[in-house]
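Here's the structure, in structure tokens; my notes come after.
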Amino acid sequence: MTQPHHPPASTLRAVPASSAGTLPRPRIAVVGGSLTGAVTALLLLRAGFDVTVYEAAPAAAPRGGGLIGLEHPALDILDRLDIGQDEFVAYPSETILEVTVRDRQPIHTARRRYPGRNTTWSLLHHTLTRRLPDGVLQAGRRVTGLAERGGRPQLVFADDSRTPADLVVFADGRASTGRRLLDPGRRLRYAGYVAHRGHTPTSHTPLRDFLRLEPGPGCQYNAAPVPDGLDWTLYLTCSPTDYTHRFGAPPQRRTFALPHHVSPAARAHVDTQAALLLPAPHAATVHATTARMAAPVMDIDPPTRMAWPVGGGWAVLLGDALAPVRPHTARGANNGIEQAAALATALTQHHRWGADLPTALYGWQRRQLPDTVAAVRRGPRLGAHLGNPRP
């Protein structure tokens, strides 16, 4: 594995022990108001830092996502933020039912345990953002560039306004502006299949566990109970041309298709495949879903670093901004939350005890990179196991 890059020394140096705890509070800009960005902000605010979150989407813009599995380390981080699981977990099951399907009939069921809990992007995002103090989250602020002024990083916005910071945390998702600016050689590659997602409201949901159906090569169907309904994901192969036709833009450009991007052709294709591949009750669930979304499955080269000096300050990448992973790994949200907590620890050691900041960031990077690299590499192997093409 490529060794992580060691951040060079910067003008921010360790201070004598007698000065520990007297450093001015660094100003931290978090770019991206999704799950990783919100968790990062809450952790840093609790540690006493001055934090502002800049989210590109306007406050009224529709946003959403599908089912998310959170493992115990990520759940513990939320516990430390006094966020109880009853706020974002509808059904505290740890059971996964894996069903092999042939000719639309289940032929074998295996039961295993998941070391965590399931939630949805929407439920967890609401839980996190409602805890942010007023004024911390600034919506409709799209970052387009990163400059240096007066020895400090400076964010450049779409309206050409500029804001200085001591540290910039890019947590701006799969199509990250931060990655494009800091690590431009690593670009997204379409993996050849799409995660079609939907939420079906229902007054009676007999399912209480996570259900995974494997009807055959190139297809997988996941379903789980969520508040007031059922959340499902259907993975289907799709050429780049077909994706562009069905969702209005190539997969590298439209990395997440919201309901208004889902064309009638996309809906008809999913309905047809569900009817051909899934048992009748699940095909009916898909067909009955009104609002749908989709996400092309993407790959990227493994990262070799997470932190970059910008003058006397720093910029870092977290979560999907650092390295999007295939959803089969169930590591996307987990990676982001765990990286954010470790970053907060490193910054606290610098601010409170005078630890050398470049050394603290190097230690953070050295500890976090291996798990990220492993998840990036594991995704294509899981996809191949399901019969999905390699990129």
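In this text the structure is predicted, and so the values were computed from the model without any measurement. Atoms considered below: every heavy atom in the structure, side chains included; atoms not considered: hydrogens, waters and symmetry mates.
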How long is the gap from [atom1] on [X] to [atom2] on [Y], to the nearest 0.5 Å?
{"X": "N118", "Y": "Y91", "atom1": "CG", "atom2": "OH", "result": "12.5 Å"}
{"X": "R80", "Y": "L75", "atom1": "CZ", "atom2": "CG", "result": "11.5 Å"}
{"X": "L44", "Y": "D50", "atom1": "CG", "atom2": "CG", "result": "10.5 Å"}
{"X": "I68", "Y": "H125", "atom1": "CD1", "atom2": "NE2", "result": "10.0 Å"}
{"X": "N222", "Y": "L234", "atom1": "CG", "atom2": "CG", "result": "9.0 Å"}
{"X": "L369", "Y": "Q339", "atom1": "CG", "atom2": "CD", "result": "8.0 Å"}

Check whether any side-chain heavy atom of [X] lies under 4.5 Å from a side-chain heavy atom of [Y], and answer yes or no.
{"X": "H108", "Y": "V99", "result": "no"}
{"X": "V286", "Y": "L278", "result": "yes"}
{"X": "T52", "Y": "Q138", "result": "yes"}
{"X": "F157", "Y": "T163", "result": "yes"}
{"X": "L347", "Y": "L167", "result": "yes"}
{"X": "T177", "Y": "L146", "result": "no"}
{"X": "R102", "Y": "P215", "result": "no"}
{"X": "R377", "Y": "P302", "result": "yes"}

Between L382 and R378, is the side chain to side chain contact (heavy atoms under 4.5 Å, CB included) condition met? List the steps. CA-CA 6 Å; L382 291 174; R378 185 167 178 249; 3.9 Å; yes

Is [X] salt-bridged to [Y], going by a charged N under 4.0 Å from an acidic O?
{"X": "D301", "Y": "R189", "value": "yes"}
{"X": "R292", "Y": "D271", "value": "yes"}
{"X": "R331", "Y": "E71", "value": "yes"}
{"X": "R130", "Y": "E87", "value": "yes"}
{"X": "D82", "Y": "R46", "value": "yes"}

Could you go step by step and tell me if L97 and R111 meet the side chain to side chain contact (heavy atoms under 4.5 Å, CB included) rule? CA-CA 5 Å; L97 301 176; R111 183 185 298 265; 3.7 Å; yes

Can you check whether [Y]'s main-chain N or O pairs, donor with acceptor, with [X]'s side chain at less than 3.5 Å?
{"X": "T359", "Y": "A355", "value": "no"}
{"X": "W364", "Y": "M306", "value": "no"}
{"X": "W308", "Y": "L182", "value": "yes"}
{"X": "S263", "Y": "R246", "value": "yes"}
{"X": "R367", "Y": "G363", "value": "yes"}
{"X": "D183", "Y": "R186", "value": "no"}
{"X": "R113", "Y": "E94", "value": "no"}
{"X": "R212", "Y": "E98", "value": "no"}
{"X": "E148", "Y": "P153", "value": "no"}
{"X": "D166", "Y": "R27", "value": "yes"}

Atom [atom1] of residue position [X] - does it have more than 12 heavy atoms of other residues, nucleotides or ligands inside 6.0 Å?
{"X": "H287", "atom1": "NE2", "value": "no"}
{"X": "D159", "atom1": "CG", "value": "yes"}
{"X": "H245", "atom1": "NE2", "value": "no"}
{"X": "R253", "atom1": "CZ", "value": "no"}
{"X": "R267", "atom1": "CZ", "value": "yes"}

Is [X] linked to [Y] within one hydrophobic cluster, defined over Ile, Leu, Val, Met, Phe, Trp and Tyr using a side-chain heavy-atom separation of less than 4.5 Å?
{"X": "L132", "Y": "V39", "value": "yes"}
{"X": "V30", "Y": "V156", "value": "no"}
{"X": "V53", "Y": "I83", "value": "yes"}
{"X": "L67", "Y": "Y114", "value": "yes"}

Just by distance, no angles: are the side chains of [X] and [Y] close enough, under 3.5 Å, to form a donor-acceptor pair?
{"X": "Y362", "Y": "R305", "answer": "no"}
{"X": "W232", "Y": "T289", "answer": "yes"}
{"X": "D209", "Y": "S93", "answer": "yes"}
{"X": "R141", "Y": "S161", "answer": "yes"}
{"X": "S34", "Y": "W121", "answer": "yes"}

Can you give me the closest heavy-atom contact between [X] and [Y], atom names plus distance?
{"X": "F170", "Y": "A321", "answer": "O-CB, 3.5 Å"}
{"X": "W314", "Y": "A307", "answer": "CE3-CB, 4.2 Å"}
{"X": "D320", "Y": "V325", "answer": "OD1-N, 4.3 Å"}

Determine, stepwise, if the pair V194 / L236 fulfils side chain to side chain contact (heavy atoms under 4.5 Å, CB included). CA-CA 6 Å; V194 177; L236 296 171; 5.8 Å; no

Residue pair D172, T36: steps toward the side chain to side chain contact (heavy atoms under 4.5 Å, CB included) verdict: CA-CA 8 Å; D172 50 342; T36 298; over 6 Å; no

Given the rule in the side-chain hydrogen bond (donor to acceptor under 3.5 Å, both in side chains) test, do T119 and Q85 qualify, once you have shown the distances and angles that lead to the verdict? CA-CA 9 Å; T119 183; Q85 290 185 24; over 6 Å; no

Using the ring centroid of each side chain, check whether Y235 and H328 are separated by less than 6.0 Å.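 So the answer is yes for these two rings.
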
